[in-house]
Amino acid sequence: MNIHEFQAKHLFAQFNVPVPRGKEIKTPLAAEKWAAALNTPVFVVKAQIHAGGRGKAGGVKITKDRAQVPVLAKEILGKTLVTHQTGPKGRKVRRLLIEEGAGIAKELYLSLLVDRETGWPVFIASTEGGMEIEEVAAHTPEKIIKEPIDPAVGFQGYNGRNVAFALGLNTIEPAVINPFVQMLGNLYRLFMEKNAALLEINPLVITTDKKLIALDGKVSFDDNGLFRHEDVQAMRDLHEEEPLEIEASKNNLNYVKLDGNIGCMVNGAGLAMATMDVIKLAGSEPANFLDVGGGATKETVAAGFRILLKDRNVKGVFINIFGGIVRCERIAHGVIEAAKEVNIKIPVVVRLQGTNAEEGRTLLKESGLKVDVATDLWEAAQKIVAVTGKKRAKAANA
Ligand code: GDP
Ligand code: MN
């Protein structure tokens, strides 16, 4: 789960990580009132959407003129921002963060995430703050500093000093070394206590008066830890999430919307990945990742169908089930029930294998539904691609 910058900054403040004075604002009138209360030489008006790259897209405005604050607020509120992280549709701005401006001497990059290889939290830092870190990593990988933290020992002062000296803070601004080490310790505490998956501050700035301050903030949480944190759950903003993904999460389905036209319903995340691969190999693109789970029932299959069919891009459905715990004839019943309920007008290919596969296939064939039943994965993928049309050239090295 992701949260807004203003929420991330509230959390930072709770953990003694310095942030600019600021407030979440929803109307130009509130912006005018807050600007008067803020009383600062420089105001920053920032669009709050769950995506970065707002600066370049016109979502971050700086002004010295207090009277301009409500004008800028009016201009940005309601606007649809398109950044490299929003996709072409963009995101509508419903909230702003209005805060005091900082005099920037140096912009740094800092994040904390879980290293998939070691399973340890790792700090990532760079002197190239304010830029896209992916670009820095691609072109100047030597400018990326990594400091893994052994979770059994926890964050130690030397971890912070390692990062500080690798960044060259001793030459850039020695006065910020101690606050920097403390900041890393505080961020580590936040990360562990709140079950975060990612903390990112880009830019982390050294101000002209030698202070360290988080000018931007991004926090993502591990969904599996959310039940422990009511305060975090309360920060969820459904406007920022795919409507179909919200519906899927209500039904305990793991669903991720993608851009292709073949809707996939699969049990098991690994098989779902393999199914997407095989669709691509057969020359098309999956419209989604959907794992109905090991314990799929008639109801979950029906809910999965409803979600797939609501996506207008979906021109055909590929159901790929390996019956283990879930028996194939139950899935077949689910498909038949769901088909009655949702009026399917597009081609459906079902591949059933495993426990009671034969029974499931027979049920489907005798149901009178227009579904194509297959046993072999590759054959099934080719069938669904044949009826929905190829979307992409077969990869040369496939
Ligand atoms: P992003 O583009 O979505 O990552 O939004 P950021 O919060 O990172 O803001 C974009 C850029 O605006 C930053 O990299 C800064 O260069 C600039 N910026 C943001 N806040 C301030 C501020 O208080 N003072 C100054 N001078 N620049 C700022
Ligand atoms: Mn940023």
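Both ligands and their constituent atoms are indexed starting at 1 by order of listing. Bear in mind the structure is a predicted one, so any value in this text is a computation, not a measurement.
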Of the listed options ([options]), which comes nearest to [atom] when hydrogens are ignored and any heavy atom counts?
atom                    : options               : answer
atom 9 (O) of ligand 1  : Thr207, Ile104, Val60 : Val60
atom 23 (O) of ligand 1 : Ala102, Gly52, Gly129 : Ala102
atom 14 (O) of ligand 1 : Met131, Glu5, Glu107  : Glu107

Checking [X] side chain against [Y] main chain: does a donor-acceptor pair fall under 3.5 Å?
X      : Y      : result
Lys315 : Arg312 : yes
Asp376 : Glu379 : yes
Glu173 : Ala175 : yes

How large, to 10°, is the angle at the Mn ion (ligand 2) when you draw lines to O on Asn202 and to OD2 on Asp216?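 Result: 90°, to 10°.
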Could you list which atoms of ligand 1 come closer than 4.0 Å to a heavy atom of [X]?
X      : result
Asn202 : 8 (O)
Gly101 : 23 (O)
Arg54  : 1 (P), 2 (O), 3 (O), 5 (O), 6 (P), 7 (O)
Ile62  : 25 (C), 27 (N), 28 (C)
Val44  : 20 (N), 22 (C), 23 (O)
Asp216 : 1 (P), 4 (O), 5 (O), 6 (P), 7 (O), 8 (O)
Lys46  : 6 (P), 7 (O)

Is any side-chain heavy atom of [X] less than 4.5 Å from a side-chain heavy atom of [Y]?
X      : Y      : value
Leu290 : Leu308 : yes
Pro20  : Leu215 : yes
Lys211 : Ile206 : no

Are side-chain N/O atoms of Asn261 and Thr388 paired as donor and acceptor at under 3.5 Å?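 Looking only at side-chain atoms, Thr388 and Asn261 do not form any donor-acceptor pair under 3.5 Å.
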Residues Tyr255 and Glu247: side-chain donor-acceptor under 3.5 angstrom: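 Absent: no donor and acceptor within the cut-off.
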For ligand 1, does [X] get within less than 4.0 Å through its side chain, its backbone, both, or neither, judged by non-hydrogen atoms?
X     : value
Lys56 : neither
Thr83 : neither
Glu99 : neither

Exercise check, heavy-atom protein proximity under 4.0 Å to atom 11 (C) of ligand 1: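 Protein heavy atoms within 4.0 Å of atom 11 (C) of ligand 1 - there are none.
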Output yes when a protein non-hydrogen atom is found under 4.0 Å of atom 21 (C) of ligand 1, and no otherwise.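 It does: a protein heavy atom is found less than 4.0 Å away from atom 21 (C) of ligand 1.
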Identity and distance of the protein heavy atom lying nearest atom 2 (O) of ligand 1: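 Nearest protein contact, heavy atoms only, for atom 2 (O) of ligand 1 is Gly55 N, 2.8 Å.
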I need the nearest protein heavy-atom contact for atom 19 (C) of ligand 1: residue, atom name and distance, please.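 I find the closest protein heavy atom is Leu215 CD2, 3.9 Å.
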Taking N or O atoms only and a 3.5 Å limit, does Ala51 qualify as a polar contact for ligand 1?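 Looking only at distances, the answer is no, because the N/O contact criterion of under 3.5 Å is not met.
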Do the rings of Phe6 and His10 sit parallel, tilted or perpendicular, given the 30° and 60° boundaries?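 Perpendicular.
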Aromatic plane relationship, Tyr188 with Phe123 - under 30° parallel, 30 to 60° tilted, over 60° perpendicular: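 The arrangement is tilted - the two ring planes meet at 30° to 60°.
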Would Leu244 and Ile319 show up in the same hydrophobic cluster when neighbours are defined by side-chain heavy atoms closer than 4.5 Å?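 Yes; Ile319 is reachable from Leu244 via cluster members.
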Single hit among Leu184, Asn178, Ile177 for side chain to side chain contact (heavy atoms under 4.5 Å, CB included) with Phe180: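 It is Leu184, the one option of Leu184, Asn178, Ile177 that forms the side chain to side chain contact (heavy atoms under 4.5 Å, CB included) with Phe180.
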